[in-house]
Amino acid sequence: MTAPTSTVTAAGGACGRPALSEAEQARRAARPVRDPDPKRNAAYWARIDAIVDQAPPLTDEQRAVIRTAFHQPTTSTREAA
């Protein structure tokens, strides 16, 4: 059984998402090579993009949870007197 795939182009997302920015296009172009065969590597990343594009956008609460999980509190570099 094959999952349906959708293609997202720079002109706009298949799921109503905004068009990819130049920075996002550059980030995608700089992805690591997962397979030495360029066609298989492109197919791999196309599958990843399709999975990500099918996911619903995060809610503000989900974003807050993720930010909290990765938050690095600032520490003071001053020495105790």
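- The CG atom of Asp53 sits 11.0 Å away from the CD1 atom of Ile48 when rounded to the nearest 0.5 Å.
- When all heavy atoms of Gln25 and Leu20 are compared, the closest pair comes out as NE2-O, 3.2 Å.
- In this structure, Gln62 contributes its side chain and Thr59 its backbone to a donor-acceptor pair below 3.5 Å.
- A side-chain donor-acceptor contact under 3.5 Å links Trp45 to the backbone of Pro32.
- Asp35 pairs by the side-chain contact (heavy atoms from CB on, under 4.5 Å) definition with Asp37, Arg40, Asn41, not counting sequence neighbours.
- Between Arg67 and Asp60, none of the side-chain N atoms (NZ, or NE/NH1/NH2) sits under 4.0 Å from a carboxylate O, so this pair counts as no salt bridge.
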